[in-house]
Undergrad: 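Here it is, the structure in full.
Each chain gets a letter, A, B and so on, in the order its sequence line appears, and its residues count up from 1.
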2 protein chains.
Amino acid sequence: MDCVRSRLPQAQRRTQLVSAALDIAIAEGIAATTIRRVAKRAGVALGVVHYCFADKDDLFVALAERIVTDLLGAASDAPGFDDAEDLAVALRCAVDGLWEGIEATRAAQLLTYEITAHALRNPALNHVAERQYAVSRAAVSALLSSAATSTRSAWLRPVDEVADEVLAMLDGITLRWLVDGDGVAARARLARFTDYVRTYAKTTRRRRKGSA
Amino acid sequence: MDCVRSRLPQAQRRTQLVSAALDIAIAEGIAATTIRRVAKRAGVALGVVHYCFADKDDLFVALAERIVTDLLGAASDAPGFDDAEDLAVALRCAVDGLWEGIEATRAAQLLTYEITAHALRNPALNHVAERQYAVSRAAVSALLSSAATSTRSAWLRPVDEVADEVLAMLDGITLRWLVDGDGVAARARLARFTDYVRTYAKTTRRRRKGSA
DNA sequence: GTCTATAGTTGGATAGAC
DNA sequence: GTCTATCCAACTATAGAC
């Protein structure tokens, strides 16, 4: 609520500038996210950005970190599986939720791929790409674990491995959807794959109908 | 063999310049592929590039087309499945071949994603991304068909749909491999998925051992 | 028809003012 | 400690020479 004009402490400036950078990056891509544009959008002079960030890469690192943070936040907001008794249902529910989040943020998804590519080209930014994946992996892994335990099931393989496969498929489907925009086909692919993934788990004990 | 110095007809210049652009793009990424760099690499003056290509986008379109052409060429070079009798074996063989081609061209794979992202951000270049996918799809589809017929099997679902799923998984696995460089894990994921895909087909008639 | 020389824009970085 | 004014490099594009 307070005024964000001038003479801000560096920490606040940084978050303000990262927000501006994120806006631009989502809307117009990483190539359009120049220091000048960020400064203009934030309403500060050009040099202010250079005062807060050592160089452009430094700004990108902060931007990537913000995206990862947002992703973590979104993942923890993910609702439970209601009262799904069946693992197949729980999985579908979880994956549908994931996909809904993806489909609602097309530009942000594209940005994620752009940042990955950018990070892979720049040796100094390699850790950014790795961190992106580590966080996504952990989120999917947690989702799979949760889906299993809440339906009294167990994964027959290391859940991290399953998560890696799910993540790969999710990435591939998302990329394809970014290109052709066919959400129906994407969901169909995802549903098929989810059914397949379900075979990696067994239900340990079947809950009786009226047990709750 | 002839001299490529000066006063070349436009068509030859174009292919020469696209080759130079490809070299730079593979080695340093799309962002580093500037008109100046291309001109310098090709050993021509800056304006020559602008004479051959309307603008930078025009050059990129030609570059993307070259990559697609190369991909088509590589796909048609793909060897058969030797004398695989079993569809599972044929599929593994085909997918291994695909993967080998991917793992041998890391920078080119990364470039493909960069071009996709670039094309998705630029409305005028959307068709480039679509064409990329159309070609890959067709190649995978042909491979699946060939694998089935050569082992006297048949896909129980439209082969294009299966190809789409394979392509998605392949994309996801490739992207992941670009980030973590773990070729062993990538192959393992791919093998698992291939085994799964095999369940989408049935073998129509089993060849007798000594029938050939 | 092919290429050269040059103009004009945009961008990252810094020295120094307040 | 925070910000302003300025510099210089790199890029795209074009007008015009050969």
Side-chain angles (χ1 to χ4, degrees), chain A residues 2-21 23-25 27-64 114-115 118-119 121-125, chain B residues 2-21 23-25 27-64 114-115 118-119 121-125:
Chain A
D2 47 2
C3 179
V4 282
R5 282 289 172 73
S6 45
R7 295 253 133 214
L8 250 63
Q10 206 178 45
Q12 288 183 37
R13 267 281 182 259
R14 279 179 69 105
T15 62
Q16 179 204 2
L17 292 173
V18 168
S19 296
D23 288 346
I24 298 170
E28 302 183 48
I30 197 103
T33 309
T34 68
I35 294 187
R36 291 183 112 89
R37 295 282 312 268
V38 170
K40 188 166 191 177
R41 168 129 203 155
V44 303
L46 182 58
V48 173
V49 182
H50 268 107
Y51 170 62
C52 293
F53 299 97
D55 54 14
K56 208 186 172 190
D57 278 352
D58 194 23
L59 172 62
F60 277 176
V61 170
L63 175 62
E114 289 182 286
I115 288 185
H118 182 78
R121 281 290 181 195
N122 197 326
L125 265 57
Chain B
D2 47 2
C3 179
V4 284
R5 281 289 172 72
S6 45
R7 295 252 131 214
L8 249 64
Q10 207 178 43
Q12 287 183 38
R13 267 281 183 259
R14 279 178 68 104
T15 62
Q16 179 203 4
L17 292 173
V18 169
S19 297
D23 288 346
I24 299 170
E28 301 183 48
I30 197 104
T33 309
T34 67
I35 293 186
R36 291 183 111 88
R37 295 283 310 269
V38 170
K40 188 166 192 176
R41 169 130 203 153
V44 302
L46 182 59
V48 174
V49 183
H50 267 108
Y51 170 63
C52 293
F53 299 96
D55 54 14
K56 208 185 172 190
D57 277 351
D58 194 22
L59 173 62
F60 276 175
V61 169
L63 175 62
E114 288 181 287
I115 288 184
H118 182 78
R121 281 291 180 194
N122 197 327
L125 265 57

Undergrad: To the nearest angstrom, how far is Asp57(B) atom CG from dC11(D) atom C1'?
TA: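 Nearest whole value for this atom pair: 14 Å.
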Undergrad: So which heavy atom on Ala25(A) is nearest to which on Leu63(A), and how close?
TA: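 Nearest pair, atom of Ala25(A) first, then Leu63(A): CB-CD2, 4.1 Å.
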Undergrad: Using whole Å, report how far NZ of Lys40(B) lies from C1' of dC11(D).
TA: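 My rounded result for the distance is 14 Å.
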Undergrad: Side-chain donor-acceptor pair under 3.5 Å between Gln16(B) and Arg13(B), yes or no?
TA: yes
Undergrad: Are Tyr51(B) and dC3(C) close enough that a side-chain N or O sits under 4.0 Å from OP1 or OP2?
TA: no
Undergrad: Taking the minimum atom-to-atom distance to the side chain of Ala45(B), which one of dT4(C), dT2(D), dT2(C) wins?
TA: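 For the Ala45(B) side chain, the nearest candidate turns out to be dT4(C).
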Undergrad: If you restrict it to nitrogen or oxygen atoms, what contacts under 3.5 Å exist between nucleotides 16-18 of chain D and the protein, and what is each distance?
TA:
none

Undergrad: In whole angstroms, how far is the C1' atom of dA13(C) from the CG atom of Asp58(A)?
TA: 14 Å
Undergrad: Return the polar atom pairs (N/O with N/O) between nucleotides 10-12 of chain C and the protein under 3.5 Å, or none.
TA:
{"residue": "dG11(C)", "atom": "N7", "partner": "Arg36(A)", "partner atom": "NH1", "Å": "3.0"}
{"residue": "dG12(C)", "atom": "OP1", "partner": "Lys56(A)", "partner atom": "NZ", "Å": "3.0"}
{"residue": "dG12(C)", "atom": "OP2", "partner": "Ile35(A)", "partner atom": "N", "Å": "3.0"}
{"residue": "dG12(C)", "atom": "N7", "partner": "Arg36(A)", "partner atom": "NH1", "Å": "3.1"}
{"residue": "dG12(C)", "atom": "O6", "partner": "Arg36(A)", "partner atom": "NH1", "Å": "2.7"}

Undergrad: For the pair made of CZ in Phe53(A) and P in dT14(C), what is the distance, rounded to whole Å?
TA: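 After rounding, the reported distance stands at 16 Å.
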Undergrad: Using whole Å, what does the distance between atom P of nucleotide dT2(D) and atom CD of Gln12(A) come to?
TA: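 Rounding to the nearest Å, CD of Gln12(A) and P of dT2(D) are 10 Å apart.
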Undergrad: For Val44(B) and Leu8(B), what are the C-alpha separation, side-chain angles and deciding distance, and is it a side chain to side chain contact (heavy atoms under 4.5 Å, CB included)?
TA: CA-CA 11 Å; Val44(B) 302; Leu8(B) 249 64; over 6 Å; no
Undergrad: Between CD1 of Ile24(A) and CZ of Arg36(A), what distance do you get to the nearest 0.5 Å?
TA: 13.0 Å
Undergrad: Enter the distance from Thr33(B):OG1 to Arg41(B):CZ here, rounded to the nearest 0.5 Å.
TA: 10.5 Å
Undergrad: Does some side-chain heavy atom of Asp57(B) sit less than 4.5 Å from a side-chain heavy atom of His118(B)?
TA: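 Yes; the side chains approach each other to less than 4.5 Å.
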Undergrad: Would you please name every residue forming a salt bridge (charged side-chain N to carboxylate O under 4.0 Å, His left out) with Arg14(B), sequence neighbours left out?
TA: none
Undergrad: To the closest 0.5 Å, what do you measure between CG (Leu46(A)) and CD1 (Ile35(A))?
TA: 7.0 Å
